[in-house]
Amino acid sequence: MFFGAGDGNVYAVEATSGILQWTFVTGNVVHASPAVVGNTVYIGSWDSTLYAIDAGTGVQKWAYATSKSWVNGTPAVRDGVVYVGTSDSSRFMALDAKTGRVQWNFDARAYVFSSAALAGDLVYVGSHNGRLYAINTRTGKLAWEFQTEASKQNQMKVLNPDGGLNQSAFAPVFNDFQDMYLDFYRFISIGAIMSSPVVDQGVLYVGSTDGNLYAIQ
């Protein structure tokens, strides 16, 4: 069993006995759940890095630094490719699972905390701007997008016309932790998609901070 923790460590624990097998140290909080494929554990950290760790030994295989962006979502892995989003740089990426080299970048326009879902030749991921993106897995090009009604209305002027974040709308008011609550309310106002989509029998299901669960066909 593999998991990350607030102490910045990734742990491997024997599932039946609970005996610790190894500990891998990152540079910050590990909020994401890992993806385990073959003999590799893929997991992100708040130290702005995605790690590939040997599942048997806990030795790092590679690490990809994401330019000061938290890696909050669980990576999706298929056919030798890792798909994962970042926060501040608003990127969603495809990386080679063996080397960590970037194959393509997609501009999600806002923070990506959502974990990705794979179905067919598309990868689906949500963004803080109230959009759900369907991206071609081979090219990294947008196939289509879904936008929450709250995002379309944009009543608090949180978004720019292109879907990016209007930074002036996030100007500090209290200059302390209370500004975090205001920012969260702003994201609620546009129906940010922080949850992870699920695809079943041709229907995509995803939740939003506008209080709705969407089924998209």
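Count residues from 1 along the sequence. What's counted below: heavy atoms across the whole structure, side chains too, no hydrogens, waters or symmetry copies. Note that the structure is a prediction, hence the values are computed from the model and not measured.
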* **Main-chain N/O of Asp162 paired with Asn160 side-chain donor or acceptor, under 3.5 Å** => no
* Kindly work out whether a path of hydrophobic side-chain contacts (I/L/V/M/F/W/Y, heavy atoms less than 4.5 Å apart) joins Val199 to Trp144. => yes
* Indicate whether any N or O donor in one side chain lies under 3.5 Å from an N or O acceptor in the other, for Trp70 and Asp47. => no
* Are Met194 and Val158 connected, step by step, through hydrophobic side chains (Ile, Leu, Val, Met, Phe, Trp, Tyr) whose heavy atoms are closer than 4.5 Å? -> yes
* Judged by atom type as modelled, is there a donor-acceptor pair below 3.5 Å linking the side chain of Trp46 to the main-chain atoms of Gly6? -> no
* **Geometric class of the Phe92/Tyr83 ring pair [parallel <30°, tilted 30-60°, perpendicular >60°]** => parallel
* Would Trp22 and Ile43 show up in the same hydrophobic cluster when neighbours are defined by side-chain heavy atoms closer than 4.5 Å? -> yes
* To do: Check whether any side-chain N or O of Ser87 sits under 3.5 Å from a backbone N or O of Ser69 as a donor-acceptor pair, and report yes or no.
  => no
* Asked: Testing Ile190, Thr148, Ile188 for side-chain contact (heavy atoms from CB on, under 4.5 Å) with Ser208, which one passes?
  -> Thr148
* **Main-chain N/O of Tyr205 paired with Tyr214 side-chain donor or acceptor, under 3.5 Å** => no
* Asked: Do the side chains of Val81 and Phe106 join up, straight or via other hydrophobic residues, at under 4.5 Å, putting them in one cluster?
  -> yes
* Asked: Taking the six-membered ring for Trp, are Phe24 and Tyr51 parallel (under 30°), tilted (30 to 60°) or perpendicular (over 60°)?
  -> perpendicular
* Mark yes or no for whether Arg101, through its side chain, and Leu95, through its backbone, hold a donor-acceptor pair below 3.5 Å. => no
* Structure fact -> Looking only at heavy atoms, the pair that brings Pro75 and Leu50 closest together is CG-CD1, 3.8 Å
* Under a 4.5 Å side-chain heavy-atom rule over Ile, Leu, Val, Met, Phe, Trp and Tyr, are Val82 and Val102 clustered together? -> yes
* Is Ser45 reaching over with its side chain to a backbone N or O of Val30, donor-acceptor style, under 3.5 angstrom? -> no
* To do: Ignoring hydrogens and angles, state whether a donor on the side chain of Glu14 or Thr16 is under 3.5 Å from an acceptor on the partner side chain.
  => yes
* To do: Answer yes if the side chains of Asn105 and Arg91 hold a donor-acceptor pair under 3.5 Å, and no otherwise.
  => yes
* Asked: Does Thr23 reach the main-chain N or O of Tyr11 with its side chain, forming a donor-acceptor pair under 3.5 Å?
  -> no
* To do: Look at the aromatic rings of Phe187 and Phe170 and report parallel, tilted or perpendicular, splitting at 30° and 60°.
  => tilted
* To do: Measure up the Phe113 and Tyr111 rings against each other and bin them: parallel (under 30°), tilted (30 to 60°), perpendicular (over 60°).
  => parallel
* If you draw a 6.0 Å radius around CZ in Arg78, do more than 12 non-hydrogen atoms from other residues or ligands fall strictly inside? -> yes
* Thr26 and Thr49: side chain to side chain contact (heavy atoms under 4.5 Å, CB included), yes or no, with the steps? -> CA-CA 8 Å; Thr26 78; Thr49 306; over 6 Å; no
* Would you say the side-chain atoms of Asp210 pair up with the backbone N or O of Asn212, donor to acceptor, closer than 3.5 Å? -> yes
* Side-chain donor/acceptor of Asp107 to backbone N/O of Arg109, under 3.5 Å -> yes
* To do: Show your reasoning for whether side chain to side chain contact (heavy atoms under 4.5 Å, CB included) applies to Asn166 and Leu159.
  => CA-CA 5 Å; Asn166 175 13; Leu159 301 174; 6.0 Å; no
* Asked: Between Gln21 and Ile19, is there a donor-acceptor pair closer than 3.5 Å when you use the side chain of the first and the backbone of the second?
  -> yes
* Does atom CZ of Phe184 have more than 12 heavy-atom neighbours from other groups under 6.0 Å away? -> no
